[in-house]
Amino acid sequence: MNINKICCIGAGYVGGPTMAVIAQKCPNIKVTVVDLNEKRIDDWNSEDLSLLPIFEPGLDEVVGEARGRNLFFSTDVDKAIEEADMVFISVNTPTKTYGRGKDMAADLKYVELCARQIAKVATTDKIVVEKSTLPVRTAEAIHNVLSETGNGVNFQILSNPEFLAEGTAIQDLLNPDRILIGGESEDAIQALVDVYSNWVDDDKILTTNVWSSELSKLVANAFLAQRVSSINSISELCEKTGANVKEVARSIGMDSRIGSKFLNASVGFGGSCFQKDILNLVYIAKTYGLNEVADYWEQVIIMNNHQKTRFTSNILSTLYNTVSGKKIAMLGWAFKKDTNDTRESAAIYVADGLLEERAQVYVYDPKVKEARVYEDINYLNTRGEEENKDLLSVVTDPYKACEDAHAIAVLTEWDEFKSYDWHKIYDKMLKPAFIFDGRGILDRAELEGIGFEYYNIGE
Ligand code: NAD
Ligand code: UDX
């Protein structure tokens with residue numbers, strides 16, 4: 001099977017960058033990324049590459065090279081499906097907010113809508129690729145929807161989960177640790193292997209059965225998140241015992257069996273994937289009656305929520321148990337550096353906790369827009385939008401955020417925070433001047449030398 005045309009449904013954080021790299025590396029394949037969201041497609045088509053809807057280092061270059069040559073962004077979903085040999089489904093699969101499985105199961109309505117759309121439109125055989133992260137055995141449901149069309153079209157379904165991390169998406173896509181392809185049809189698998197072979201070594205392309213592939217994606221995220229919760233749990237113990245979590249992480253990370261990555265204690269993991277995928281794993285385990293398995297993984301989320309609450313209450317108790325009317329500067333709103341994505345960012349929950357105590361919160365983030373910050377905080381529905389507007393301000397100058405503040409909280413590990421003029425910031429703050437470093441990125445000795453009261457997680 002030769003793939004000449006690819007369609008990707010969903011122009012989000014995964015669909016956009018993934019297809020841009022496929023188009024860059026496979027100039028002979030026409031790649032069309034479609035979405036129902038017109039604004040998003042318009043932004044992908046922006047003349048000015050700094051206006052792409054997603055900020056990812058290196059993305060503008062890749063899009064700049066391929067767009068208009070063999071990479072297209074469009075809202076004409078039907079046309080792109082119809083002409084494609086291979087259709088990627090890369091739509092969102094958020095946690096359900098209603099009905100059975102509320103707050104746990106993955107909401108598969110967007111995926112099913114895609115399958116129905118493909119079934120309706122297709123007149124030629126197609127390979128349908130699950131790129132979205134899905135519960136194990138979803139391919140069966142997609143197969144049922146597609147095979148009931150009765151229009152004689154032959155569909156092959158593959159699972160090809162995406163492992164990119166935001167902030168490093170382009171590097172991850174160009175040099176993946178592995179590409180995972182699960183499927184039944186050898187021809188279909190080979191067709192997708194041939195696409196990736198254009199730039200990925202064969203020994204990194206792994207093929208499995210569909211169910212292993214679907215489940216591996218959930219398990220990879222669960223293991224990664226578990227490491228963060230594990231080190232975060234130890235950070236609290238370090239604070240009580242005089243041990244230093246960075247020293248502990250370094251010591252255990254040098255054991256090659258443990259490894260050194262993903263051991264940075266923090267204010268808690270965020271992002272659109274970890275929590276959603278673990279909740280989904282917990283839900284699947286529960287539906288099979290595997291309660292011990294479910295409880296084991298649920299603890300990763302419980303620990304993460306505890307870490308966010310603990311950070312907020314440490315600010316409160318250090319500031320003499322009241323932050324009411326006090327200005328607190330929050331540096332960072334994105335869930336990690338080098339992205340404008342704020343989904344499930346710890347910053348949202350910390351801000352909400354401080355607003356509950358009636359603090360005046362000033363947020364600065366180098367890449368997140370003001371409207372996004374208000375959308376995030378309003379979405380929690382803890383208080384009215386007017387009240388959020390009164391208590392929370394978003395500023396574009398970090399020095400203004402810190403001026404006259406009682407405390408600074410670092411929520412995202414943006415590199416620029418390290419090179420600020422901390423003398424200048426200190427001079428303009430109220431004293432004692434507190435810093436709560438939720439990412440452990442600032443230099444304790446330097447800051448204490450200036451006069452700051454510096455608090456770091458796990459020290
Ligand atoms: P996203 O919300 O950024 O993008 C999804 C897009 O799909 C949206 O633009 C939406 O408008 C569009 N869409 C939804 N239904 C549609 C339909 N019927 N037709 C056309 N367009 C439709 O989501 P994302 O972050 O790109 O994640 C997509 C999937 O990839 C999820 O399953 C997620 O778990 C998985 N994933 C995400 C990441 C990540 O880092 N964000 C990494 C690996 C896997
Ligand atoms: C994750 C997975 O890494 C990726 O493979 C998958 O495809 C999508 O989900 P992402 O959420 O984009 O990627 O970022 P990641 O680097 O995993 O960070 C997730 C969260 O954990 C961030 O809030 C990050 O700050 C936090 N984290 C990570 C820590 O607190 N400590 C660490 O040591 C590592």
Side-chain angles (χ1 to χ4, degrees), residues 7-19 33-41 43-44 53-54 56 73-78 80-81 88-95 106-118 130-135 138 160-169 172-173 176-178 217-218 220-225 227-232 235 245 249 253 260-278 280 304 307-308 332 334-339 341-347 411-413 438-440 457:
C7 160
C8 172
I9 310 179
Y13 282 86
V14 168
T18 308
M19 292 302 132
V33 191
V34 292
D35 205 296
L36 298 174
N37 183 334
E38 254 174 64
K39 165 88 172 84
R40 223 172 199 185
I41 292 298
D43 289 348
W44 278 112
I54 287 166
E56 271 295 335
F73 294 93
S74 162
T75 50
D76 194 343
V77 180
D78 287 359
I81 293 174
F88 285 79
I89 298 179
S90 190
V91 297
N92 37 327
T93 49
T95 304
D107 192 341
L108 297 179
K109 76 174 168 208
Y110 306 107
V111 171
E112 186 174 331
L113 279 171
C114 289
R116 290 192 181 276
Q117 190 87 356
I118 297 168
E130 302 175 341
K131 189 49 118 177
S132 297
T133 301
L134 297 169
T138 304
N160 172 222
E162 184 48 59
F163 294 98
L164 69 80
E166 289 179 24
T168 53
D172 296 342
L173 289 163
D177 284 349
R178 78 310 209 176
K217 174 64 202 179
L218 294 181
N221 273 353
F223 269 60
L224 289 167
R227 273 176 82 92
V228 179
S229 276
S230 295
I231 198 71
N232 281 344
S235 74
V245 77
S260 61
K261 291 181 182 163
F262 255 71
L263 288 178
N264 291 323
S266 70
V267 57
F269 59 74
S272 64
C273 293
F274 281 179
Q275 173 163 310
K276 159 178 87 74
D277 293 345
I278 294 181
N280 186 4
N304 195 49
Q307 192 75 349
K308 292 182 270 187
F335 82 98
K336 63 185 284 199
K337 74 171 179 176
D338 294 338
T339 177
D341 195 351
T342 64
R343 290 176 287 182
E344 287 303 326
S345 178
L411 273 300
T412 312
E413 72 282 24
R439 296 292 185 162
I457 284 177

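Read the numbers this way: they start at 1 and go in the same order the structure lists the ligands and their atoms.
In Val14, the parts holding a heavy atom less than 4.0 Å from any atom of ligand 1 are both the side chain and the backbone. If you look at Lys217 next to ligand 1, the close heavy atoms, those under 4.0 Å, all belong to the side chain. Using a 4.0 Å cut-off between heavy atoms, Cys273 contacts ligand 1 through its side chain alone, with no backbone atom that close.
For ligand 1, the atoms lying closer than 4.0 Å to a non-hydrogen atom of Ser272 are 41 (N). If you number the atoms of ligand 1 from 1 as listed, the ones under 4.0 Å from a heavy atom of Leu164 come out as 40 (O), 42 (C). For ligand 1 and Ser90, the ligand atoms under 4.0 Å from any heavy atom of the residue are 5 (C), 28 (C). Close contacts of ligand 1 with Tyr110, meaning ligand atoms under 4.0 Å from a residue heavy atom, involve 15 (N). The atoms of ligand 1 that sit less than 4.0 Å from any heavy atom of Lys276 are 33 (C), 34 (O). Close approach of ligand 1 to Ser132 is summarised as follows: ligand atoms under 4.0 Å from at least one heavy atom of the residue are 29 (C), 30 (O), 32 (O). Every atom of ligand 1 is numbered from 1 in the order shown, and the set under 4.0 Å from a heavy atom of Tyr13 is 3 (O), 24 (P), 25 (O), 26 (O), 41 (N).
Among Glu38, Glu166, Arg343, the residue whose heavy atom lies closest to atom 23 (O) of ligand 1 is Arg343. Relative to atom 12 (C) of ligand 1, the option among Asp35, Ile81, Thr339, Ile9 with the closest non-hydrogen atom is Asp35.
Considering only heavy atoms from C-beta on, Ile457 comes within 4.5 Å of Gln307 through its side chain. At least one side-chain heavy atom of Arg178 sits less than 4.5 Å from a side-chain heavy atom of Phe163. Side chains of Thr18 and Cys8 form no contact here, defined as non-hydrogen atoms less than 4.5 Å apart. Contact of the Cys273 side chain with the Glu166 side chain is not registered, since no non-hydrogen atoms from C-beta on lie closer than 4.5 Å.
The immediate protein surroundings of ligand 2, defined as residues with any heavy atom under 4.0 Å of it, consist of Glu162, Phe163, Leu164, Ala165, Glu166, Lys217, Asn221, Leu224, Val228, Phe262, Leu263, Asn264, Ser266, Phe269, Gly270, Cys273, Phe274, Phe335, Lys336, Arg439.
Using the six-membered ring where Trp is involved, Phe73 and Trp44 have ring planes that are parallel, under 30° apart on the 30 and 60° scheme.
In terms of protein heavy atoms, atom 15 (N) of ligand 1 is closest to Val91 CG1, 3.6 Å. Shortest contact from atom 44 (C) of ligand 1 to any protein heavy atom: Thr133 OG1, 3.4 Å. For atom 17 (C) of ligand 1, the closest non-hydrogen atom of the protein is Leu36 CD1, 3.5 Å.
With no hydrogens or angles considered, no side-chain donor-acceptor pair links Ser90 and Glu162 at under 3.5 Å.
Of the N or O atoms in Lys131, none lie within a sub-3.5 Å distance of an N or O in ligand 1.
When Thr93, Thr95, Thr133, Asn221 are each tested for a side chain to side chain donor-acceptor pair (under 3.5 Å) with Lys276, only one passes: Thr93.
Under the 3.5 Å distance criterion, the side-chain polar atoms of Lys131 are matched with a main-chain donor or acceptor of Asn160.
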